[in-house]
Amino acid sequence: MDLLRGLNEKQREAAEHDKGPILVIAGAGTGKTRVLTHRIAHLIQTGKAKPWEILSITFTNKAAKEMKERIGQLIDYDIDKMWIGTFHSVCVKILRRDIDRLGYDKNFVIYDTDDQKILIKDCIKELNLDTKKYNANAIRSIISSEKNKQNTADKFISENYGNFAMRNIGEVYSLYEKKLKICNALDFDDLIEKTVKLLQTNEDILEKYHEKFKYILVDEYQDTNNVQYKLVKILGKKKNGENNVFVVGDEDQSIYGWRGADISNILDFEKDFEEAKVIKLEKNYRSTNVILDAANGVIRNNYQRKGKNLYTDYECGSLIKLVETDNEKEEAFMVSALMSKEHRKNNVKYSEMAILYRTNAQSRALEESLMREGIPYKIVGGLKFYNRKEIKDIIAYLMLIQNQKDNISFNRIINVPRRKIGPKTVETISEHAMRTEVSMFESSYDVEELSLSQGAINSVQNFVSMMEMLMIKKDVMSLSEFIESVYEDTGYKAMLLEDDTVEGRSRVDNIDEFLSAAKDFEERYLENSLEDFLAHIALLSDVDKADEEKDAENTSDYVTLLTVHSAKGLEFDTVFVTGLEERMFPIIRDDDDDDDLEEERRLFYVAVTRAKRMLYLTYANDRLVFGNHEMRSRSRFIGEIPTECFDNSSPQTIADKKIKHLEENIASHNNEINSFSFNQARKMNIFKGGLENKEKAPTLKCDKMSVGDKIMHKAWGIGTIVQLSGEGDDQKAVIAFDNKGIKTVMLSYAPIEKL
DNA sequence: CGATACGTCCTTTTT
DNA sequence: GGACGTATCG
């Protein structure tokens, strides 16, 4: 089979490229994954490389997964031998083999942002700094950006010696590093930075990888930061003069500047890799001409770019609809009403629709509205599954078993469930640990020597022997059996079962879900040890997680809600971009500069180019921010879209007329609807009835429901009411659905019927 | 000592 | 409007 057939001329030129560095500038929707996968398949099929000689780096696990699948469809070789993964997962793989050269144990654990914050707070306290003045989060981001530049704490301190506050931050950085080392833990930035350091300081290891990887491919190159760039360079530029580095990116989609991504990496690629070939892909296969005209019109206003113009053969797209609303509630309502219209009238599947927003906080209003309309939805990010307390606790047990030096996890679970080891005992152990420079778990062995009550000593000893037992079990049980055993032996299960409230039961459900995720991992991967599992969940992105949940639930027709950042790389038939107001999108704060605005514009460009067929842009004139109203003017980005792209009979005009008309009717005929606020009545159903003239307003059902009743929900099927709260039209019900788990609904709005 | 109540800070965006 | 940390009550 001719692997290159079906590619256009430019794509083919890129895919056929053999030796030497090459930069492919691939605009949104121009088929860059296609080029990447075809090139890899081509290299292997023509015998230029063996599967294990290829390193392909992506930004999300989802992208890596997709790449593997698509290569698998093209050729019949052992794909698992290829190193296809994210920067972080590739680095973990390298570090697991040789990190001992840097003085770490190979069983290191990975600390996420929350763990970092806790550790930094400890450092601030230990240095006796004012916790009000020194904000852990701010310091975390400073440390992160220093690490991305490979700046050590010492260097930072000497560079900022004259500035008292900065010098202190440097001290925090220094102590933080020390603590990480003591815990044998790495943070996200370390994963990359330590790998680079390992290769910089160990010639033999570097040579090993130079020999191994004949071809290196990097996706989303515009989002690489300084250390990631160094990694690509050190692996890619070999002594023998070979540098087969193939990078794909789009400077117009560079949206991670705030976490150190450096747009000049892509703009200056030709300087760093001399004689690099450059190919531009501009033909778009995703969107209609209207959407591309809008996108081109917007991005034209940026200066930091190489310049390109997307085009398509698809010439007859629907015009963009602009929706102006009074406030965020109205906006949410309009979005859900329009979605249900698209679904019914144009047969657009829910899974082909997405709502994008700038900040996670905006999802709330949208979510409530979708719930009322009975539209199934899935939120990416925000409240993360793995961030729930019960899940984090179990993970902490696992991390401590994997690596006994992990003090953060030790502190987290030492007294959860309660085992009579109070703050004072923990403090004593901690001091002893610091004095003797060992971890807290290790110093728990010496608990008898410490001045503690006999009761406390016994409790600690019981804890230690329980953990020792689990460490033995780890080596003889399968992963899922083992985790189940941790759940039971630690008393965690008993503690949860004791709590018979709705929350308690939902915690049990969450753990069950976690256990089945572990089971799934065990079956799906060959490398399925505890350390593999822990690394896997630590490095999952929000989009990956949402994907996994979707797989697990086996249901596919969901509307997707997500931030524009999370949406990168995805596409949908119909896209709603919401919150298009100044100071919201673009978000821009007081210390704004032109670069920030350009990044916001690129972000908007990403949002617009997610749409294949239909694009809605919405904004609210009044938005509730931190509980108070703020008047907003519409985003400047709207004005940058050519006016001929817009549909002038914008839906809000029609809708407003219908609503007004109906309001008058209601006012004259239905004075008895007093328990409802007028707005709520209108939002509940009248609008829908007005547009479609089909469904009648439901009767009030708040008073009729009671705990134990069986109900039927329009979208979620049959369920049982387990709890009721609130009164009147605020009454909420917690319902256990047969197939959809536990959900909370507003009784007066939810499309449910008593059975 | 432990649970609850109130005050503070906050939020861009994520591997 | 919510998460988290300290103050206060039982």
Side-chain angles (χ1 to χ4, degrees), chain A residues 57-64 85-92 110-114 116-118 121 124-125 131-138 140-141 144-145 147-148 186-193 220 223-225 227-228 253-261 328 356-365 368 380-384 386-389 415 418 420-425 535-546 562-569 579 583-592 596-597 599-600 602-604 606-607 623-629:
Chain A
I57 301 173
T58 58
F59 258 79
T60 60
N61 294 289
K62 189 186 157 91
T86 61
F87 267 107
H88 293 88
S89 65
V90 165
C91 287
V92 169
I110 301 163
Y111 277 179
D112 67 12
T113 314
D114 290 339
Q116 284 183 293
K117 245 161 90 182
I118 295 170
K121 273 184 190 160
I124 295 171
K125 265 184 220 148
T131 49
K132 294 237 152 53
K133 239 180 125 194
Y134 293 86
N135 174 292
N137 227 355
R140 190 185 54 76
S141 78
S144 171
S145 75
K147 284 191 181 185
N148 283 330
L186 302 184
D187 62 27
F188 286 134
D189 302 308
D190 283 336
L191 294 176
I192 322 261
E193 197 273 320
E220 308 278 15
D223 287 329
T224 49
N225 64 29
V227 252
Q228 288 167 337
Q253 292 187 70
S254 165
I255 54 174
Y256 286 104
W258 51 275
R259 74 170 192 213
E328 78 283 343
L356 310 191
Y357 35 77
R358 181 66 243 266
T359 65
N360 280 309
Q362 288 163 260
S363 69
R364 186 161 301 275
E368 278 171 18
V380 174
L383 323 133
K384 291 166 211 154
Y386 289 99
N387 264 356
R388 285 169 217 200
K389 187 185 179 306
N415 204 29
R418 303 237 125 76
K420 298 194 172 133
I421 305 176
K424 198 167 166 305
T425 309
H536 174 79
I537 55 184
L539 299 178
L540 276 184
S541 73
D542 287 341
V543 182
D544 298 328
K545 286 172 201 162
L562 72 183
T563 63
V564 184
H565 283 91
S566 298
K568 195 164 74 147
R583 318 208 95 234
M584 185 58 130
F585 198 177
I587 205 156
I588 307 295
R589 306 169 95 175
D590 298 333
D591 56 344
D592 61 338
D596 292 335
L597 180 65
E599 182 151 316
E600 290 292 310
R602 290 193 291 270
L603 199 54
F604 183 61
V606 168
R623 186 170 290 274
L624 222 47
V625 183
F626 293 139
N628 28 356
H629 292 276

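Naming: A, B, ... by sequence-line order, numbering from 1 per chain. Hydrogens, waters and symmetry mates play no part in the numbers below; they use all other heavy atoms, side chains included.
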Using a cutoff of under 3.5 Å, can you pull out all pairs of nitrogen or oxygen atoms linking the protein to nucleotides 8-13 of chain B, with atom names and distances?
from	atom 1	to	atom 2	distance (Å)
B/dT11	O3'	A/R589	NH2	2.7
B/dT12	OP1	A/R589	NH1	2.6
B/dT12	OP1	A/R589	NH2	2.9
B/dT12	OP2	A/R589	NH1	2.7
B/dT12	OP2	A/R589	NH2	3.4
B/dT12	O2	A/R358	NH1	2.4
B/dT12	O2	A/R358	NH2	2.4
B/dT13	OP1	A/N360	N	3.0
B/dT13	O2	A/W258	NE1	3.3
B/dT13	O2	A/R358	NH2	2.5

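- A/I124 has its CD1 atom 12 Å from the P atom of C/dG5, to the nearest Å.
- Positionally, the nearest nucleotide of DNA chain B for A/P423 lies more toward the 5' end than for the other of A/P423 and A/F87.
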Would A/R140 and A/D187 count as a salt bridge (charged side-chain N to carboxylate O under 4.0 Å, His left out) here? Give the steps.
CA-CA 11 Å; A/R140 190 185 54 76; A/D187 62 27; over 6 Å; no
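- Taking the P atom of each, C/dC4 and B/dT13 are spaced 15 Å apart, rounded to whole Å.
- Among residues two or more places apart in sequence or in another chain, the side chain to side chain contact (heavy atoms under 4.5 Å, CB included) test is passed with A/L597 by A/P586, A/I588, A/R601, A/R636, A/F637.
- Summarising the geometry of A/L603 relative to A/F585, their closest heavy-atom pair is C-CZ, 3.9 Å, with the distance given to 0.1 Å.
- Note on A/K568: nothing from the nucleic acid sits closer than 4.0 angstrom, heavy atoms only.
- Closest non-hydrogen pair, A/A535 versus A/V92, comes out as CB-CG1, 4.3 Å.
- When the P atom of B/dT15 is taken as reference, atom CD of A/Q228 falls 12 Å away, rounded to whole Å.
- For A/E599, the side chain to side chain contact (heavy atoms under 4.5 Å, CB included) test picks out A/W258, A/R602, with sequence neighbours left out.
- Rounding to whole angstrom units, CG of residue A/N148 and P of B/dT14 are separated by 17 Å.
- We find that NZ of A/K125 is positioned 11 Å from C1' of C/dT6, with the value rounded to whole Å.
- Atom NZ of A/K147 and atom C1' of B/dT15 are 14 Å apart (whole Å).
- What separates CG of A/N225 from P of B/dT15 is a distance of 14 Å, to the nearest Å.
- Taking atom CG of A/D114 as the reference point, atom P of B/dT14 lies 14 Å away to the nearest angstrom.
- Protein atom CD1 of A/I537 is 19 Å distant from nucleotide atom P of B/dT14, rounded to whole Å.
- Considering only heavy atoms from C-beta on, A/R358 stays 4.5 Å or farther from A/T563 through its side chain.
- Closest heavy-atom contact between A/R259 and A/F59: NH2-CE2, 3.6 Å.
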